[in-house]
Amino acid sequence: MSLATYSTCEISDALIKLGSPHGGYMPDINLISTLPADTTVCGPAYTVQMVLASDEAAPKLSAHFVDTATPSSVIVISAPPNIKNAVWGGLMTAGAQARAAVGVVISGRCRDLAEHANLKFPVFSRGHSTLGQSPFTRPSAVDVQVTIAAESDFPTITVNPGDWIVGDRDGVVCVPRDLRDKIDELCMADIQQGKGVQASFKEHRGKNKL
(Lines give C-alpha, C1' and ligand atoms only; values in the text may rest on other atoms or scores of the structure.)
Protein backbone atom coordinates (compact mmCIF):
# COMPACT_ATOMS: atom_id res chain seq x y z
CA MET A 1 0.00 0.00 0.00
CA SER A 2 1.36 3.42 -0.96
CA LEU A 3 1.62 6.49 1.24
CA ALA A 4 -0.49 8.13 -1.48
CA THR A 5 -3.43 6.25 0.08
CA TYR A 6 -3.35 8.62 3.05
CA SER A 7 -3.93 12.35 3.35
CA THR A 8 -1.16 14.62 4.56
CA CYS A 9 -3.20 15.24 7.72
CA GLU A 10 -3.35 11.51 8.50
CA ILE A 11 0.39 11.17 7.89
CA SER A 12 1.21 14.13 10.14
CA ASP A 13 -0.99 12.70 12.91
CA ALA A 14 0.84 9.37 12.63
CA LEU A 15 4.27 11.01 12.72
CA ILE A 16 3.35 13.05 15.79
CA LYS A 17 2.25 9.87 17.58
CA LEU A 18 5.57 8.29 16.61
CA GLY A 19 7.45 11.15 18.30
CA SER A 20 8.11 13.59 15.46
CA PRO A 21 8.24 17.20 16.76
CA HIS A 22 6.82 18.60 13.51
CA GLY A 23 4.74 15.78 12.05
CA GLY A 24 6.76 16.00 8.84
CA TYR A 25 4.94 19.21 7.92
CA MET A 26 6.73 21.62 5.57
CA PRO A 27 5.25 24.92 6.75
CA ASP A 28 3.73 27.47 4.35
CA ILE A 29 4.35 25.39 1.21
CA ASN A 30 1.09 24.92 -0.65
CA LEU A 31 -0.36 23.85 -3.99
CA ILE A 32 -0.28 26.72 -6.49
CA SER A 33 -3.68 28.28 -7.12
CA THR A 34 -3.90 27.46 -10.84
CA LEU A 35 -3.95 23.69 -10.28
CA PRO A 36 -7.11 21.73 -9.35
CA ALA A 37 -7.67 21.43 -5.61
CA ASP A 38 -7.59 17.63 -5.77
CA THR A 39 -4.02 17.61 -7.17
CA THR A 40 -1.72 15.33 -5.18
CA VAL A 41 1.88 14.18 -5.33
CA CYS A 42 3.74 11.28 -3.75
CA GLY A 43 7.27 10.04 -4.36
CA PRO A 44 10.87 9.89 -3.16
CA ALA A 45 12.70 13.19 -2.79
CA TYR A 46 15.27 14.38 -5.31
CA THR A 47 16.75 17.33 -3.44
CA VAL A 48 18.18 20.59 -4.77
CA GLN A 49 20.05 23.20 -2.74
CA MET A 50 19.85 26.77 -4.02
CA VAL A 51 22.23 29.53 -2.90
CA LEU A 52 22.52 33.23 -3.49
CA ALA A 53 24.19 33.98 -6.81
CA SER A 54 26.70 36.09 -4.92
CA ASP A 55 27.91 33.04 -2.97
CA GLU A 56 31.10 32.26 -4.88
CA ALA A 57 32.27 29.71 -2.31
CA ALA A 58 29.37 27.31 -2.84
CA PRO A 59 29.86 24.49 -5.37
CA LYS A 60 28.59 24.81 -8.93
CA LEU A 61 26.71 22.13 -10.84
CA SER A 62 28.07 20.70 -14.08
CA ALA A 63 24.56 20.05 -15.44
CA HIS A 64 21.15 21.59 -14.95
CA PHE A 65 19.49 20.02 -11.93
CA VAL A 66 16.32 19.20 -13.87
CA ASP A 67 18.35 17.19 -16.39
CA THR A 68 19.55 14.87 -13.61
CA ALA A 69 16.18 14.40 -11.89
CA THR A 70 15.29 10.77 -11.32
CA PRO A 71 12.10 9.15 -12.67
CA SER A 72 9.13 9.04 -10.25
CA SER A 73 10.83 11.50 -7.91
CA VAL A 74 9.45 14.63 -6.28
CA ILE A 75 11.93 17.47 -6.78
CA VAL A 76 12.44 19.28 -3.45
CA ILE A 77 14.09 22.69 -3.71
CA SER A 78 15.50 24.56 -0.72
CA ALA A 79 16.07 28.22 -1.58
CA PRO A 80 17.68 30.91 0.59
CA PRO A 81 15.20 32.51 3.01
CA ASN A 82 13.25 35.64 2.13
CA ILE A 83 14.17 35.70 -1.56
CA LYS A 84 11.65 37.36 -3.88
CA ASN A 85 12.63 35.70 -7.17
CA ALA A 86 11.33 32.39 -8.48
CA VAL A 87 13.52 29.29 -8.57
CA TRP A 88 11.14 27.26 -10.76
CA GLY A 89 9.40 28.07 -14.03
CA GLY A 90 7.50 26.61 -16.96
CA LEU A 91 10.51 25.30 -18.87
CA MET A 92 11.63 23.41 -15.76
CA THR A 93 8.21 21.79 -15.45
CA ALA A 94 8.41 20.66 -19.08
CA GLY A 95 11.89 19.26 -18.49
CA ALA A 96 10.87 17.52 -15.28
CA GLN A 97 7.92 15.86 -17.02
CA ALA A 98 10.21 14.68 -19.82
CA ARG A 99 12.33 12.95 -17.18
CA ALA A 100 9.27 11.41 -15.50
CA ALA A 101 9.52 13.37 -12.25
CA VAL A 102 6.07 13.53 -10.64
CA GLY A 103 6.08 16.98 -9.03
CA VAL A 104 8.05 19.73 -7.34
CA VAL A 105 8.01 21.13 -3.79
CA ILE A 106 9.69 24.51 -3.39
CA SER A 107 10.79 26.21 -0.21
CA GLY A 108 10.77 29.41 -2.21
CA ARG A 109 8.85 30.87 -5.14
CA CYS A 110 7.81 29.78 -8.62
CA ARG A 111 6.56 31.58 -11.72
CA ASP A 112 4.70 30.78 -15.00
CA LEU A 113 1.66 29.54 -13.09
CA ALA A 114 -0.45 29.04 -16.21
CA GLU A 115 2.17 26.78 -17.79
CA HIS A 116 2.23 24.41 -14.81
CA ALA A 117 -1.57 24.24 -14.94
CA ASN A 118 -1.59 23.56 -18.69
CA LEU A 119 0.92 20.74 -18.22
CA LYS A 120 -0.99 19.41 -15.16
CA PHE A 121 2.25 19.19 -13.21
CA PRO A 122 1.96 19.33 -9.40
CA VAL A 123 3.76 22.41 -8.06
CA PHE A 124 3.84 23.31 -4.37
CA SER A 125 5.57 26.53 -3.28
CA ARG A 126 5.67 29.31 -0.68
CA GLY A 127 4.55 31.85 -3.26
CA HIS A 128 5.16 33.14 -6.76
CA SER A 129 7.06 35.92 -8.51
CA THR A 130 7.61 37.59 -11.86
CA LEU A 131 11.40 37.35 -11.40
CA GLY A 132 13.52 34.46 -12.63
CA GLN A 133 16.62 33.01 -11.00
CA SER A 134 19.27 35.20 -12.57
CA PRO A 135 20.89 37.28 -11.15
CA PHE A 136 19.55 36.36 -7.72
CA THR A 137 20.03 32.65 -7.01
CA ARG A 138 21.58 29.54 -8.51
CA PRO A 139 21.56 25.78 -7.84
CA SER A 140 24.58 24.52 -5.92
CA ALA A 141 24.02 20.84 -5.10
CA VAL A 142 21.66 17.94 -5.78
CA ASP A 143 20.91 14.76 -3.86
CA VAL A 144 22.09 16.29 -0.59
CA GLN A 145 20.42 16.82 2.76
CA VAL A 146 18.41 20.05 2.73
CA THR A 147 16.55 21.91 5.44
CA ILE A 148 13.14 23.51 5.19
CA ALA A 149 12.86 26.28 7.77
CA ALA A 150 9.72 28.10 8.84
CA GLU A 151 9.53 31.85 9.22
CA SER A 152 8.79 31.35 12.93
CA ASP A 153 9.82 29.13 15.84
CA PHE A 154 8.35 26.01 14.22
CA PRO A 155 10.88 23.14 14.08
CA THR A 156 13.07 22.95 10.99
CA ILE A 157 12.42 20.02 8.64
CA THR A 158 15.35 18.00 7.29
CA VAL A 159 14.82 16.27 3.94
CA ASN A 160 17.22 13.59 2.77
CA PRO A 161 17.37 12.17 -0.76
CA GLY A 162 14.91 9.30 -0.94
CA ASP A 163 12.67 10.48 1.90
CA TRP A 164 9.03 10.24 0.87
CA ILE A 165 7.19 13.45 -0.01
CA VAL A 166 3.40 13.62 0.01
CA GLY A 167 1.44 16.72 -0.97
CA ASP A 168 -2.26 17.55 -1.27
CA ARG A 169 -4.61 20.48 -0.74
CA ASP A 170 -3.69 20.67 2.97
CA GLY A 171 0.06 21.00 2.44
CA VAL A 172 3.20 18.90 2.15
CA VAL A 173 4.76 16.35 4.50
CA CYS A 174 8.07 14.49 4.52
CA VAL A 175 8.25 10.89 5.72
CA PRO A 176 11.78 9.71 6.58
CA ARG A 177 12.80 6.88 4.27
CA ASP A 178 13.96 4.63 7.11
CA LEU A 179 10.64 4.96 8.92
CA ARG A 180 8.67 3.86 5.89
CA ASP A 181 10.96 0.86 5.41
CA LYS A 182 10.45 -0.14 9.05
CA ILE A 183 6.67 -0.12 8.66
CA ASP A 184 6.95 -2.27 5.53
CA GLU A 185 9.10 -4.76 7.46
CA LEU A 186 6.55 -4.98 10.28
CA CYS A 187 3.71 -5.68 7.86
CA MET A 188 5.71 -8.29 5.93
CA ALA A 189 6.74 -10.07 9.15
CA ASP A 190 3.10 -10.36 10.27
CA ILE A 191 1.99 -11.67 6.89
CA GLN A 192 4.77 -14.27 6.81
CA GLN A 193 3.72 -15.41 10.29
CA GLY A 194 0.22 -16.07 9.04
CA LYS A 195 -1.56 -12.88 10.01
CA GLY A 196 -3.89 -11.62 7.31
CA VAL A 197 -2.90 -8.76 5.02
CA GLN A 198 -5.90 -6.67 6.11
CA ALA A 199 -5.10 -7.18 9.79
CA SER A 200 -1.45 -6.23 9.21
CA PHE A 201 -2.36 -3.05 7.39
CA LYS A 202 -4.87 -2.13 10.10
CA GLU A 203 -2.26 -2.62 12.83
CA HIS A 204 0.69 -0.92 11.16
CA ARG A 205 -0.84 1.37 8.54
CA GLY A 206 -4.07 2.56 10.04
CA LYS A 207 -4.88 6.23 10.43
CA ASN A 208 -2.78 6.44 13.58
CA LYS A 209 0.20 4.66 11.99
CA LEU A 210 2.00 4.65 8.67
Side-chain angles (χ1 to χ4, degrees), residues 1-48 72-79 81 101-110 120-127 145-193 195-210:
M1 188 179 294
S2 168
L3 285 175
T5 305
Y6 304 102
S7 72
T8 54
C9 295
E10 290 171 332
I11 294 171
S12 278
D13 287 348
L15 287 170
I16 289 292
K17 290 182 178 181
L18 291 171
S20 168
H22 44 59
Y25 175 56
M26 296 186 182
D28 308 319
I29 299 176
N30 295 295
L31 182 69
I32 62 172
S33 61
T34 51
L35 287 168
D38 60 355
T39 299
T40 61
V41 72
C42 180
Y46 165 79
T47 57
V48 181
S72 302
S73 66
V74 178
I75 300 170
V76 178
I77 301 174
S78 177
V102 296
V104 62
V105 171
I106 309 159
S107 181
R109 298 170 182 263
C110 67
K120 299 180 173 60
F121 189 73
V123 177
F124 295 77
S125 72
R126 289 187 185 272
Q145 184 182 88
V146 297
T147 56
I148 309 297
E151 297 177 356
S152 65
D153 293 332
F154 190 80
T156 295
I157 308 296
T158 299
V159 181
N160 290 290
D163 285 348
W164 279 78
I165 306 299
V166 183
D168 60 21
R169 71 182 72 197
D170 287 307
V172 182
V173 295
C174 174
V175 179
R177 174 181 52 189
D178 293 343
L179 182 56
R180 184 172 191 251
D181 291 344
K182 179 181 178 182
I183 298 302
D184 285 341
E185 291 170 7
L186 288 171
C187 288
M188 182 59 69
D190 284 346
I191 292 168
Q192 289 174 341
Q193 291 170 12
K195 186 178 292 187
V197 173
Q198 183 174 353
S200 296
F201 283 174
K202 183 177 181 180
E203 179 177 353
H204 299 303
R205 289 181 170 178
K207 288 188 177 182
N208 293 334
K209 297 179 183 288
L210 292 178

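Computed from a predicted model, the values in this text were never measured in an experiment.
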Check: T39 main-chain N/O paired with R169 side-chain donor or acceptor under 3.5 Å
no
Could you tell me if the side chain of D168 sits less than 4.5 Å from the side chain of V166, heavy atoms only?
no
Which of parallel (below 30°), tilted (30 to 60°) and perpendicular (above 60°) describes H22 and F154?
tilted
Taking S125 for its side chain and G127 for its backbone only, find out whether a donor-acceptor pair lies under 3.5 Å.
yes
Return yes if some donor-acceptor pair links the side-chain N/O of S12 with the main-chain N/O of G23 below 3.5 Å, else return no.
yes
So which heavy atom on V105 is nearest to which on V74, and how close?
CG2-CG1, 3.9 Å
Which atom names give the shortest non-hydrogen contact between I148 and I29, and what distance separates them?
CG2-CD1, 3.9 Å
Heavy atoms, side chains only, cut-off 4.5 Å: are P44 and W164 in contact?
yes
Using a 3.5 Å distance criterion without hydrogens, assess whether the side chain of R126 forms a donor-acceptor pair with backbone atoms of C110.
no
From C42 SG over to I11 CD1, what is the distance, rounded to the nearest 0.5 angstrom?
7.0 Å
Can you tell which of T8, I157, I165 makes a side chain to side chain contact (heavy atoms under 4.5 Å, CB included) with V173?
T8
Ignoring hydrogens and angles, tell me if any N or O in the side chain of S107 forms a donor-acceptor pair with the backbone of I77 under 3.5 Å.
no
Atom OH of Y25 and atom SG of C9: how far apart are they, to the nearest 0.5 Å?
9.5 Å
For the atom pair CE (M26) and SG (C174), what is the distance rounded to the nearest 0.5 Å?
4.5 Å
